[in-house]
Number of protein chains: 2
Amino acid sequence: MALLDCFSPGGGSFRLTELARGAGLSKTTAFRLTGELVRLGLLERDGDTYRLGGRLFELGSLVPRRSSLRETAVPYLQDLFEATRETVHLGIRDDHDVVYVERIHGHGAVQLPSRIGGRLPLTCTGVGKALLAFSEGELVDEVLAAPLRRLTSYSIDDPVRLRTVIEQVQASGIAYEEQEAADGVSCIAAPVFAGRGIAVAAISLAVPRGRFRPAQLAPAVRTAALGLSRALREGL
Amino acid sequence: MALLDCFSPGGGSFRLTELARGAGLSKTTAFRLTGELVRLGLLERDGDTYRLGGRLFELGSLVPRRSSLRETAVPYLQDLFEATRETVHLGIRDDHDVVYVERIHGHGAVQLPSRIGGRLPLTCTGVGKALLAFSEGELVDEVLAAPLRRLTSYSIDDPVRLRTVIEQVQASGIAYEEQEAADGVSCIAAPVFAGRGIAVAAISLAVPRGRFRPAQLAPAVRTAALGLSRALREGL
DNA sequence: AAGAGCTGTTCCGCGTCATGGAACAAACTT
DNA sequence: AAGTTTGTTCCATGACGCGGAACAGCTCTT
């Protein structure tokens, strides 16, 4: 795992020595372990560089919560994309982060820090705020107690201000985010419920700041989120 | 890996004893190893049952070939879905199997054996035939030499017949498949090229047999495949 | 009610197998 | 041509993973 974690931020490829250093192993053991990982399909070797292996992709696609959610969500994300032609996200919460499960975009999509399987702080993203606002008990307090991470100069780092934002989300059922995750792009999100009151996922639209029209986008996002919520309830 | 492989066919959840048996380990070591895997996030424990962990999803999403292909392909798959409203597949080859990388479908989608990250024999699927027809040198011979697996009663198990089918695909640039992977559903596919002549992926449409109109679907599939091919070339 | 068959969990002594330093060859840079 | 990388092999040492045995909690059976 120490070796595989070297790839965690953004994939890519590494040489043996880099992996050994990154994992804190001696070159000898790194050599033997990478050989083993290649044999298992978890790593692939191309000349003298290593990258993550296809086996990981297959195993990762089998993770239950993620893959079943994704499967039933796709049609609703699809509808939302067709109605708005903007980048659609589906995310879930893990600890204090949002993990993106699906992302649908058209040809000229804006560059975003979100990536399927990627993590971002709950507090900097529309999906994160929607998840946080409808999370169990003391999570909001926990998150507000920790120092708030920032991704841009617009990211909210004041716990007091963030709390009122969260309360607005709870009242309206819609979360906004304006350039807090990436410069020049705003975001509108809605929570997805499976049972009572706590969100199991959230859907968002990421829109270039120039054409951000919340009044037109909000109903579409809500509709998608409600449709998915209903589908998840019926699926059970 | 022996433990993780227990989940390989279709995910789900298992108890400790099942995992020990499935992996060929003593209950004691299975206990210790599952504990370790849970600690690493590769497994999740819920009461007395285990399932694959979120970490695997994240690592799997970082696998380079898969994720970059997927990222640039999504808009084209999107277009294809909107034009046809049928289930869209994107697959690559691994050994003698096709591995599905993306799948887009609408609300009333047909039940299919294909799943993202799932494997099916090259010879039973549209995507597989397209990949096989434009693969390197001796792969066709290799595949035809091995006994041909069957998924339905329509699956081709005669090497001679399959060879002529492959040659038709090579000539036309379009692969057909009729109920060879699942009863009641047919398929039309086109190869995606990155450089010269060998396919790096393939795009397919899966259509209920009742409304399978190849003449109307073929141009759409080819257009999507050509568009993606161009995007991959320019991306490099 | 009390046993029989499960489950997951802990303990522990044996023996294996992973470890990392040292030495090596090849391919770079200087 | 010397020097510093790289990946690779060898090997003695000892830590640590191994599985059998024993235990505790549970559900059924009788």
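Naming: A, B, ... by sequence-line order, numbering from 1 per chain.
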Listed pairs under 3.5 Å, donor-acceptor, residues 10-24 of chain B side chains, sequence neighbours left out:
residue	atom	partner	partner atom	Å
B:E18	OE2	B:R15	N	2.9

Are B:E58 and A:R119 within salt-bridge range, i.e. N to O under 4.0 Å? yes
Charged N-O contact under 4.0 Å between B:E71 and A:R103: yes
Going by ring-ring contact (aromatic ring centres under 6.0 Å, His included), name the residues that satisfy it together with A:Y100, two or more places apart in sequence or in a different chain. A:H89
Given A:R55, which partner from the list B:D94, B:D5, B:D95 fulfils the salt bridge (Lys or Arg N to Asp or Glu O under 4.0 Å) test? B:D5
Going 5' to 3' through nucleotides 6-20 of chain D and flagging B where a protein heavy-atom sits under 4.0 Å of the base, S where only the sugar-phosphate is that close, and - otherwise, we get BBBBB------SBBB
